[in-house]
Amino acid sequence: MCFPFSPLDNQRDIHSGDGSSSSSHQSPKSTDKWAASLENLLEDPEGVKRFREFLKKEFSEENVLFWLACEDFKKTQDKKQMQEKAKEIYMTFLSSKASSQVNVEGQSRLNEKILEEPHPLMFQKLQDQIFNLMKYDSYSRFLKSDLFLKHKRTEEEEEDPPDAQTAAKRASRIYNT
């Protein structure tokens, strides 16, 4: 199987476009961007990594994996590759025997016949359901989680070292009196 977002593959989508890991090179205040919207979080490889860690603890990592797989699927141009990816998404997330089954409305109406003529938006309604489930359920809990808050504190400490700030305040008091 060539499925890029297999639940067994926890590393592949954490890397940036140039192949390097993005965990240590993040823009300042990425947590502010993540907190602004789920969309921002899902656009940032480090945000996806942290959200996946959180969802894994909540036993719902399959939701973000399904969403990522659908995003990847929509970008697929080659018809044969599209068929393979559609089947893999179906077997991994939507089939009654799926290893990482997502809970979406209308799932029971899906069958393997739809996989014969795949199109880029064939999973869109289901992907939207999962996005909304994450947005209105797990995302808000993620923003309150120790995992997110600890990352935010670390980010703030790196950006604003306490020694530099107190020295600057002392200097301004000395010279501005």
Side-chain angles (χ1 to χ4, degrees), residues 1 3-17 21-23 26-76 85-112 114-115 118-157:
M1 288 191 168
F3 193 56
F5 299 107
S6 166
L8 303 174
D9 179 9
N10 291 333
Q11 299 300 313
R12 185 174 281 161
D13 58 285
I14 298 169
H15 297 287
S16 57
S21 178
S22 63
S23 59
Q26 50 189 293
S27 61
K29 296 289 198 178
S30 58
T31 52
D32 286 346
K33 290 183 209 159
W34 302 348
S37 73
L38 179 57
E39 291 88 339
N40 288 350
L41 174 74
L42 294 172
E43 288 172 2
D44 182 350
E46 181 68 16
V48 169
K49 177 184 174 187
R50 300 295 176 167
F51 193 46
R52 282 182 65 180
E53 286 175 37
F54 173 76
L55 291 177
K56 202 178 285 188
K57 290 177 183 178
E58 289 210 335
F59 303 100
S60 59
E61 184 187 22
E62 68 277 359
N63 290 335
V64 74
L65 292 173
F66 173 73
W67 188 89
L68 291 166
C70 291
E71 284 298 291
D72 180 63
F73 177 76
K74 287 189 274 189
K75 297 172 191 162
T76 305
K85 286 183 180 187
K87 183 173 184 176
E88 205 144 353
I89 288 171
Y90 179 80
M91 298 308 285
T92 305
F93 300 107
L94 302 171
S95 157
S96 60
K97 298 173 188 154
S99 57
S100 297
Q101 190 176 38
V102 291
N103 188 10
V104 287
E105 207 176 293
Q107 189 171 349
S108 58
R109 290 192 297 268
L110 280 179
N111 61 45
E112 291 186 52
I114 67 160
L115 304 176
H119 58 86
L121 300 177
M122 66 187 282
F123 298 116
Q124 189 64 53
K125 283 183 180 177
L126 302 177
Q127 184 186 15
D128 290 344
Q129 282 182 43
I130 291 298
F131 179 85
N132 286 327
L133 177 68
M134 291 189 300
K135 183 175 184 172
Y136 298 109
D137 187 36
S138 48
Y139 173 64
S140 56
R141 283 195 308 277
F142 170 71
L143 296 178
K144 296 171 190 165
S145 72
D146 287 342
L147 195 143
F148 175 79
L149 296 173
K150 190 183 292 183
H151 188 74
K152 187 172 177 68
R153 274 192 301 275
T154 303
E155 199 175 65
E156 287 167 352
E157 287 167 9

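All of these numbers come straight from a predicted model, not from anything done at the bench. Computed from heavy atoms alone, side chains included, the values below leave out hydrogens, waters and symmetry copies.
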Residues in salt bridge (charged side-chain N to carboxylate O under 4.0 Å, His left out) with Glu53, at least two apart? none

What residues, two or more places apart in sequence or in another chain, satisfy salt bridge (charged side-chain N to carboxylate O under 4.0 Å, His left out) together with Arg153? none

Could you pull out all residues at least two apart from Lys152 that satisfy side chain to side chain donor-acceptor pair (under 3.5 Å)? Asp32

My understanding is that only residues two or more places apart in sequence, or in another chain, count here; which of them pass side-chain contact (heavy atoms from CB on, under 4.5 Å) with Gln129? Val104, Glu105, Leu126

Taking Glu155 for the side chain and Thr31 for the main chain, is one N or O donor matched with an acceptor at less than 3.5 Å? yes

Basic-acidic side-chain contact under 4.0 Å: Lys85, Asp72: yes

Hits for side-chain contact (heavy atoms from CB on, under 4.5 Å) against Ser140, two or more places apart or cross-chain, chain-then-number order -> none

Listed by chain and number, what are the side chain to side chain donor-acceptor pair (under 3.5 Å) partners of Thr154, not counting sequence neighbours? none

With a 4.0 Å cut-off on N to O distance, would you call Glu46 and Arg50 a salt bridge? yes

Those residues at least two apart in sequence (or on a different chain) that pass salt bridge (charged side-chain N to carboxylate O under 4.0 Å, His left out) with Lys125 are none

Please answer whether the main-chain N or O of Leu55 pairs with a side-chain N or O of Glu61 as donor and acceptor at a distance below 3.5 Å. no

Main chain of Phe131, side chain of Tyr139: is a donor-acceptor contact present, judged purely on distance under 3.5 Å? no

For Phe148, check ring-ring contact (aromatic ring centres under 6.0 Å, His included) against everything at least two apart and list the hits. Phe142

Taking only residues two or more places apart in sequence or in another chain, which ones pass side chain to side chain donor-acceptor pair (under 3.5 Å) with Lys57? none

Once side chain to side chain donor-acceptor pair (under 3.5 Å) is applied, do any residues pair with Asp137, and if so which ones, sequence neighbours excluded? Arg141

